[in-house]
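Note that the structure is predicted; figures quoted are calculated from it, not measured. Only this structure's heavy atoms are used, side chains among them; waters, hydrogens and symmetry mates stay out. Numbering of residues begins at 1 and proceeds along the displayed sequence.
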Amino acid sequence: MTVDSFEMMEHPSLQYGPCEWSNYDGGVQQTSNAWGNAEDNSLMGCLAVLKAETFDNFILEVDVISYDNDGIGIVFGFEDIDTHYLGIAINDIWPGAAADGIGGPFMKIKKRNDKECQDRMDALTTCWDTLTHVDKRGLDEVAMPNAPFEYERAYPYETGADFEPLTMTLIVKNREARLVFQSPTTQTGYTSTVNSARLGNRFVGAWTKELPADYRGGRVGLMTYAHQANFKNLRITDLNRPVGGFCHGLKDVTCDAGRSGLCLAVPLADVCPDPVRPNYIDTSTVSMWNFIDDPFLGSRCEWEITKDGRLSQVSNANREGVDYTLMGCNAVALIEPVTDFIAQVTIENHDNDGVGFVFNWESVDRHCKIHACNDIWPSPAADNVEGPAFKVKCRNARSCETQPMDATTDCYDTIAFVDRYGVSHSAMPAGAITPAAYASEYLEYGTYTETKMTLIKRGNQFRALFTPKSGDRVVGAFSFQIPATGGYTSGRVGLFTFADQAVFSDFSVTPLDGSPGSATEFCDGEWICEADGLCGTRPVNGGGSSNGGSSSSGGSSSSSKKADATETDLVGVVLGLLALAIGLGVIGFFLGAKYGSDVVGRRSKATAILHNEVELMDARAPGGPGSATRNPMRGKDADDQQSTSNYALLSNRH
């Protein structure tokens, strides 16, 4: 891609021109501050339109490195300077006197109408029709009702902030158009090499399901408004031709066809919580456990068995002095070392500090830890990730005695985490996000209530999650490729506390390696294991497989089963009340118990809405077909989940 590939043009009434396009770093750049019109009523500026063929149904992707915070966009349906469309985004406040009443920051799709562009325009005289937008006030609810939660609910960039490097994508098909790019990462100001910026966990999107009837396609290109930027790696896929797949054909990534149209990534998505026939470890006796204190604690750990047969840690043990990395109490189950497994535990917290798992346990100097902490600890943190946070880390070869401790002397390597500022999953596939069922920031576990925590590990991947007290989403930390920290890949599994008093029950470690007793069915055998690795709202006996990866995705934890009485439940209740009403108290109690005992144990059943066209594949992309299923939200957001379009798409790189 060079300037010779384009025809350069300028919108009328251009200010501070001319536009300045040149070749740069394998792409093209625009370096002027040109904008227009004179009264700044609509974003207009510099156009670079490809000289090549025309497109009506297509995907256009371009990588943009910006040196500014003003307008960048994509031109499409271009016939001439007076007949074309723009998909554009801006982080600054312009246009200062917006003819459509929508000033920046925003993302818009707009059409050049048949009115003349003048130096001064208002709502009646503007030469542009705004078709859809998202700004600081929210989404265009007329054009984009019930947008999936993988999209930002309002334009996310701070006013005046420079754009981060991004891939801007425009999809047009069957007179529908969608402009998207990934949300900005949350800048923390840290200089540490340990995840100084969080991952963008949603997409910014603006779309219309009805381009004007006179849309007939045209040439495509690039656009700037008062903005200096470098455009590289321009890719165009003609959707009128056979397409063999999306999302780069990457492992662990699903094209969420028919709903969000985004690339969603979850490691080990074929494994869900609540395996059928789990391998329980007895928490009612100390004989099944090896209790090991981390070094340099200020007091001893105190494990005991409660009267109702649960394992409890009752001390406030934590690192003596300043704890830069969270150290505490370990209860390692006396089982054979495991490599591929699903571990689960129910935790009743009596505090707000660190609680979780240990795994890959070889010794106190060779293991990994997972912990959720509602409090601010560690503060300061050696890895610059203070609490509240959910964190996965592995012991390295450095001494834990070092005080003070920073990123260069930390005796643990942080692999993945979720904190108040966002998520950092290890080796997250480029261009993909997690489904909206996974929280985009840390949500607190409940105290004096039960929380279920799950760890799934197989090969060099893991997924850790727990149910927060809010219950509508799960908190998860992922690794799509576990770093070779310490050189150990297997070991025993157990429990962990930091300055926290907690009671543990229903602890299980079930193999995933195909050996006898390995888990092959999940979600208690009752609910569909969805494509996001979470238990859904559809019962197995209502159709579909109980094994993961082939059904719809999204949702909340398997432990948050919503109360929804079935017909049998209601019959039991009615029979019981009727019997009591006629004085047969004993019979009434029996009937009610027999037929109505599960009134509060059933999940509500959400209806999945599927579009007729749910699968498109790009023959040039490796990997084969993506998932063609809907991703309903479980929990209180279920009724708000609708589709953005009837086509799938992001993204096919060549």
Side-chain angles (χ1 to χ4, degrees), residues 69 91 105 136 149-166 181-204 264-266 323-326 352-356 369-393 405-407 410 412-445 463-470 472-480 483 498:
N69 57 11
N91 292 349
K136 286 294 186 182
F149 280 86
E150 284 81 5
Y151 288 93
E152 297 283 359
R153 316 323 284 172
Y155 193 79
Y157 270 102
E158 294 296 326
T159 302
D162 283 355
F163 282 98
E164 295 179 3
L166 56 84
F181 55 74
Q182 199 164 353
S183 301
T185 59
T186 302
Q187 301 296 333
T188 64
Y190 295 142
T191 58
S192 167
T193 57
V194 182
N195 301 309
S196 60
R198 277 57 177 166
L199 299 172
N201 208 41
R202 288 187 177 182
F203 270 77
V204 191
L264 306 182
V266 178
D323 193 333
Y324 295 90
T325 193
L326 291 198
N352 63 354
D353 294 303
V355 62
K369 279 185 169 71
I370 297 174
H371 48 72
C373 183
N374 289 355
D375 212 338
I376 63 172
W377 317 113
S379 182
D383 61 3
N384 287 321
V385 182
E386 299 182 354
F390 185 46
K391 192 181 297 188
V392 183
K393 61 188 186 182
M405 189 180 288
D406 59 23
D410 193 353
Y412 284 87
D413 291 336
T414 299
I415 298 175
F417 65 88
V418 185
D419 66 3
R420 294 170 293 173
Y421 306 105
V423 302
S424 182
H425 303 304
S426 174
M428 183 77 180
I433 60 170
T434 57
Y438 293 91
S440 56
E441 60 185 19
Y442 183 80
L443 302 177
E444 293 186 350
Y445 59 73
R463 176 160 45 99
L465 56 120
F466 72 88
T467 53
K469 63 182 180 182
S470 60
D472 60 334
R473 298 185 181 186
V474 297
V475 179
F478 306 165
S479 178
F480 293 84
F498 157 83

Test item: side-chain donor near acceptor, Asp406 and Tyr324, under 3.5 Å: no

Glu150 side chain to Pro435 backbone, donor-acceptor under 3.5 Å: no

Atom pair CG/OH of Asn374 and Tyr445 - distance to nearest 0.5 Å: 4.5 Å

Residue pair Phe498 / Lys369, side-chain heavy-atom distance below 4.5 Å: no

Sidechain-backbone polar pair: Arg153 side chain, Tyr151 backbone, donor-acceptor under 3.5 Å: yes

Minimum side-chain heavy-atom gap His425-Ile433 below 4.5 Å: no

Side-chain donor/acceptor of Tyr157 to backbone N/O of Glu164, under 3.5 Å: yes

pair Leu264-Thr434: side-chain heavy atoms closer than 4.5 Å: no

Intermediate values then yes/no, side-chain contact (heavy atoms from CB on, under 4.5 Å), Arg198 and Val385: CA-CA 11 Å; Arg198 277 57 177 166; Val385 182; 4.1 Å; yes

Qualifying residues under salt bridge (charged side-chain N to carboxylate O under 4.0 Å, His left out), relative to Glu444, sequence neighbours excluded: Lys469

Minimal non-hydrogen separation, Val423 against Ser440, with atom names: CG1-O, 3.7 Å

Partner of Lys391 under side chain to side chain contact (heavy atoms under 4.5 Å, CB included), chosen from Asp383, Ile370, Val418: Asp383

Nearest heavy atoms of Ile415 and Ser426, plus distance in Å: O-CB, 3.4 Å

Cys373 side, atom SG; Asn352 side, atom CG - distance, nearest 0.5 Å: 6.5 Å

Residue pair Val204 / Glu152, side-chain heavy-atom distance below 4.5 Å: yes

Test item: Lys136 side-chain N/O and Ala154 main-chain N/O as donor-acceptor pair under 3.5 Å: no

Main-chain N/O of Asp353 paired with Asp375 side-chain donor or acceptor, under 3.5 Å: no

Minimum heavy-atom distance Pro468-Leu443, with the two atoms named: CB-CB, 3.6 Å

Under 3.5 Å donor-acceptor, Asp419 side chain and Tyr421 backbone: yes

Asn201 side chain to Ser183 side chain, donor-acceptor N/O pair below 3.5 angstrom: no

Least distance between heavy atoms, Glu386 atom then Ile376 atom: CB-O, 3.9 Å

Test applied, ring-ring contact (aromatic ring centres under 6.0 Å, His included); reference residue, Phe390; option that passes from Tyr438, Phe478, Phe466: Phe466

Which residues share a ring pair (Phe, Tyr, Trp, His ring centres under 6.0 Å) with Phe480, sequence neighbours left out: none

